[in-house]
Amino acid sequence: MLIFMSILGGFLILTFGAEVLVRGASAIALRLGVTPLVIGLTIVAFGTSAPELAVSVKSALAGSPGIALGNVIGSNIANIGLILGLTALIRPVGVQSQMVRRDIPLMIAASVLVWLLLLDGTLGLLDGLLLSLLLLGYLVFSYYSADENDAEEIEAGPRNPLLSLAFIVVGIGCLVGGGVLFVDGAVALARAFGISEVVIGLTIIAIGTSMPELVTSMVAAIKGQSDIAIGNVVGSNLFNLLGILGITALVHPVSAAGFSILDFSVMLLLAILLLPLAHRGYRIGRRDGLLLLLAYLAYMGWLVTHAVV
């Protein structure tokens, strides 16, 4: 019971910490005259992926690289198969031409690059530096090629600068503390049930850290704004591959030990499959959503049957 309380408590603290951090940082940025577009491309993008970053860095430092890498691979698989699949089942997802021309191909390229960098079994310091620089380049390019009219609405934060700083401090503290609880609980669960840390990272932790994206996409679909779901998914996947793995590798080497070729193949194949689905009519229909969801469930079924060490 304590293990599950640690996992649940860690997840709730991570989610709260990310929300508070984004609000505090956004409020300060707006006071400094930073545009909503830049905030959306940087602070908000980082904030929504902060739980994955906290969990991956903590896992790597704690000597659990399987959780660190499994978190990213599992989250990317869940984002396309589970989140986009469920969203399209609720309401067909509109796709902007920019997604087909630029963002989805970049996600595929980033997936291939990570796979190539892991051929030697480890993401080291130089690999982390390369991935981090590529993320920075993507953010800069996105900023200069974006239309300010497409900037997302930034949720209001505290007006008092000191309170905004307090939000940032509390948010970072929650991310650190929540990450410790979440990872420690997941490692204890793996050991208690004889399940590999790799599988825990690919399933429980990946789904848990992807919950903010899942809730956002589902609510948007119900409100008839499902077209934002694919941007949410593709952006999150790019940030996971370049940012989360990049920063984690800068802090501590990330090992690919324990992963099968299937794990990387499913992540890459779902990314590749998304391109023709999005290009056909510039929408992800309900049949497409069902296909993505069934592919995700099949992969989860395979993991469950091979879960015991």
Side-chain angles (χ1 to χ4, degrees), residues 14 17-18 21 25 41-43 45-77 79 106-143 171-173 175-180 182-184 186-187 190 196-202 205-206 209-210 234-261 263-265 267-268 271:
L14 280 169
L21 176 62
L41 287 171
T42 55
I43 296 173
F46 171 79
T48 55
S49 292
E52 285 95 333
L53 178 60
V55 168
S56 293
V57 171
K58 170 61 175 67
S59 300
L61 290 175
S64 300
I67 290 180
L69 185 57
N71 178 32
V72 168
I73 295 176
S75 291
N76 280 22
I77 292 173
N79 282 345
L106 284 176
M107 178 181 64
I108 296 171
S111 302
V112 172
L113 175 61
V114 168
W115 193 349
L116 292 175
L117 292 177
L118 281 167
L119 287 178
D120 61 358
T122 305
L123 283 180
L125 181 63
L126 291 179
D127 299 326
L129 181 61
L130 172 62
L131 293 175
S132 300
L133 289 176
L134 287 174
L135 174 65
L136 180 61
Y138 171 72
L139 292 176
V140 171
F141 177 74
S142 296
Y143 167 68
I172 293 174
L175 287 174
V176 173
V180 170
F182 197 65
V183 172
D184 287 350
V187 171
S196 72
E197 293 180 358
V198 169
V199 172
I200 291 292
L202 288 166
I205 291 184
T209 55
S210 291
V234 174
S236 177
N237 281 14
L238 272 169
F239 205 94
N240 286 344
L241 291 165
L242 302 178
I244 305 304
L245 285 182
I247 295 172
T248 303
L250 287 175
V251 175
H252 190 280
V254 177
S255 173
F259 288 87
S260 72
I261 192 70
D263 302 318
F264 294 99
S265 298
M267 180 184 72
L268 180 57

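Between F239 and L53 there is no side-chain heavy-atom pair separated by less than 4.5 Å. Within the 4.5 Å cutoff, side-chain heavy atoms of L125 are placed close to those of L250. For the pair L241/M267, a side-chain contact is recorded, criterion being any heavy-atom separation below 4.5 Å from C-beta on. Counting only heavy atoms from C-beta outward, the side chains of L69 and S255 never approach each other to under 4.5 Å.
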Determine all donor-acceptor pairs shorter than 3.5 Å in which one atom belongs to a side chain in residues 126-138; sequence neighbours excluded.
| unit_1 | atom_1 | unit_2 | atom_2 | d |
| --- | --- | --- | --- | --- |
| D127 | OD2 | G124 | N | 3.0 |
| S132 | OG | G128 | O | 2.8 |
| Y138 | OH | D103 | OD1 | 3.1 |

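Atom CG of L268 and atom CD1 of I77 lie 10.5 Å apart (nearest 0.5 Å). Taken to the nearest 0.5 Å, the CG atom of N237 stands 3.5 Å off from the CG atom of N76. The CG atom of L113 sits 7.5 Å away from atom CG of L242, with the distance rounded to the nearest 0.5 Å. With values rounded to the nearest 0.5 angstrom, I108 atom CD1 is found 9.5 Å from L106 atom CG. Rounding to the nearest 0.5 angstrom, the gap separating the OG1 atom in T248 from the CG atom in L61 is 8.5 Å. With rounding to the nearest 0.5 Å, the separation of CD1 in I67 from CD1 in I205 is 4.0 Å.
When all heavy atoms are compared, the tightest approach of A271 to S111 is CB-OG, 4.3 Å. When all heavy atoms of I261 and S265 are compared, the pair lying nearest together is O-OG, 2.7 Å. Shortest non-hydrogen contact noted between A206 and G74 is CB-C, 3.3 Å.
Not counting sequence neighbours, the partners of D263 by the side-chain hydrogen bond (donor to acceptor under 3.5 Å, both in side chains) test are S260, Y299. Applying the side-chain hydrogen bond (donor to acceptor under 3.5 Å, both in side chains) test to S56 and every residue at least two apart in sequence or in another chain returns N71.
In the model, N240 has no side-chain atom that pairs as donor or acceptor with a side-chain atom of S75 under 3.5 Å.
F264 and W115 have parallel rings, their planes meeting at less than 30° on a 0 to 90° scale where 60° marks the start of perpendicular.
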